[in-house]
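All remarks here apply to the structure that follows.
So that the names make sense, note that chain A is the first sequence line, chain B the second, and so on, each numbered from 1.
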Number of protein chains: 2
Amino acid sequence: MPYEDEVYGCPADVGLQMISGKWKPRILYELFQGTRRFGELQRAIPDVSRHVLTVHLRELEHGGIVSRTVYAEVPPKVEYTMTEYGRSFEPVLEALVHLGEAYIASRKDEHES
Amino acid sequence: MPYEDEVYGCPADVGLQMISGKWKPRILYELFQGTRRFGELQRAIPDVSRHVLTVHLRELEHGGIVSRTVYAEVPPKVEYTMTEYGRSFEPVLEALVHLGEAYIASRKDEHES
DNA sequence: CGGGATCCAGTAAGATACTG
DNA sequence: CAGTATCTTACTGGATCCCG
């Protein structure tokens, strides 16, 4: 299904899929604050497995949201940094946080009523 | 896993899951433009099956994004309308469209280079 | 240290048939 | 018209083991 610029939904899906993934919002939150090494991300997000963290970072890299820098050292060192394009997702994620909080708050109100 | 307001990722996930689903962006696009009947949505988005359309609409309704109105007529008539809360997702979806288009444009540039 | 390869479970989505 | 029920398939994420 190639891109049709007359269809609204397709480009929205493209943008959505880039940040869709169980741990991507948390990964992005870390990287919005600065460059992180693989192990730092693992410690910051303890519930994600190495495998899934690797897969998500590869997807973010492929989408041009983060850049991956490998240092040819022993032991290996890999750093992940937000690209300029990736930073343009920050307001979107912030908006989703607010909307998610609004939903949570409304559900709590219902429950207490 | 209950809500912890110190964790950034959780509320972002809540907001994200509300608009995540293969056809939700297109459904929302239709409903941003006005109230639609079930059949109108089906004709506007021909590739979605009745089943999946029903499931997605139920999820949107449960999330408080759309409201569902059933008219006790024969033949049956059901209308879906964006709620005020749902309208607050419009700028987010628009931003995702722009970011998706930017990605598509960058990939095209690569391909032509 | 930062992965890759493989296998498995859970969920989302498509196809089809039936209903008030 | 607007669903529901059931089955099947595809994809996502988790667990484990191996590698430069």
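C:dG10 atom P lies 12 Å from atom NZ of A:K22, rounded to whole Å. The CZ atom of B:R58 sits 16 Å away from the P atom of C:dA12 (whole-angstrom rounding). At whole-Å resolution of the value, CG in A:D47 and C1' in D:dA15 are 14 Å apart. Counting to the nearest Å, the P atom of C:dG2 and the CD atom of A:E61 are 15 Å from each other. Between the CD atom of B:Q42 and the C1' atom of D:dA2 there is a distance of 9 Å, given to the nearest Å. The distance between atom NE2 of B:H56 and atom P of D:dG3, rounded to the nearest whole Å, is 15 Å. Rounded to whole angstrom, the span from the CZ atom of B:F38 across to the P atom of D:dA2 amounts to 7 Å. Atom-to-atom, CD of A:Q17 to P of C:dA13 comes out at 11 Å; the value is rounded to the nearest Å.
A:E30 places no side-chain N or O within donor-acceptor distance of the main-chain N or O of A:R26, the cut-off being under 3.5 Å.
When distances run from any side-chain atom of B:Y80 to the nucleotides C:dG3, D:dG13, D:dG3, the shortest one goes to D:dG3. Checking C:dG2, D:dC1, D:dT16 against every side-chain atom of A:H51, the shortest atom distance belongs to D:dT16. Of the candidates D:dG3, C:dG2, D:dG14, the closest approach to any side-chain atom of B:R50 belongs to D:dG3. Of the listed nucleotides (D:dA2, C:dG2, D:dG14), C:dG2 has the atom at the smallest distance from the side chain of A:V78. In this structure, of D:dG3, C:dC1, D:dG14, it is D:dG14 that holds the atom nearest to the side chain of A:W23. Side-chain proximity of B:P75 to D:dC1, C:dG2, D:dT4: nearest is D:dC1.
Between A:R37 and C:dG2 there is a side-chain N or O to OP1 or OP2 distance below 4.0 Å. When the side-chain nitrogen and oxygen atoms of B:R68 are compared with OP1 and OP2 of D:dG3, one or more of them lie within a distance under 4.0 Å.
Where B:T54 and A:E59 meet DNA chain D, the nucleotide closest to each residue was compared, and B:T54 sits on the side nearer the 5' end.
Counting any heavy atom pair closer than 4.0 Å across all strands shown, B:Y71 reaches no nucleic acid atom.
Few gaps surround CD on A:E73; more than 12 heavy atoms of other groups in view lie less than 6.0 Å from it.
For the pair A:M18 and A:I65, the minimum side-chain heavy-atom distance is below 4.5 Å. The shortest side-chain heavy-atom distance between B:L53 and B:W23 does not fall under the 4.5 Å cut-off.
Each of A:E40, A:R36, A:R68, A:E61 was scored for a side-chain hydrogen bond (donor to acceptor under 3.5 Å, both in side chains) with A:Y80, with one residue passing: A:R68.
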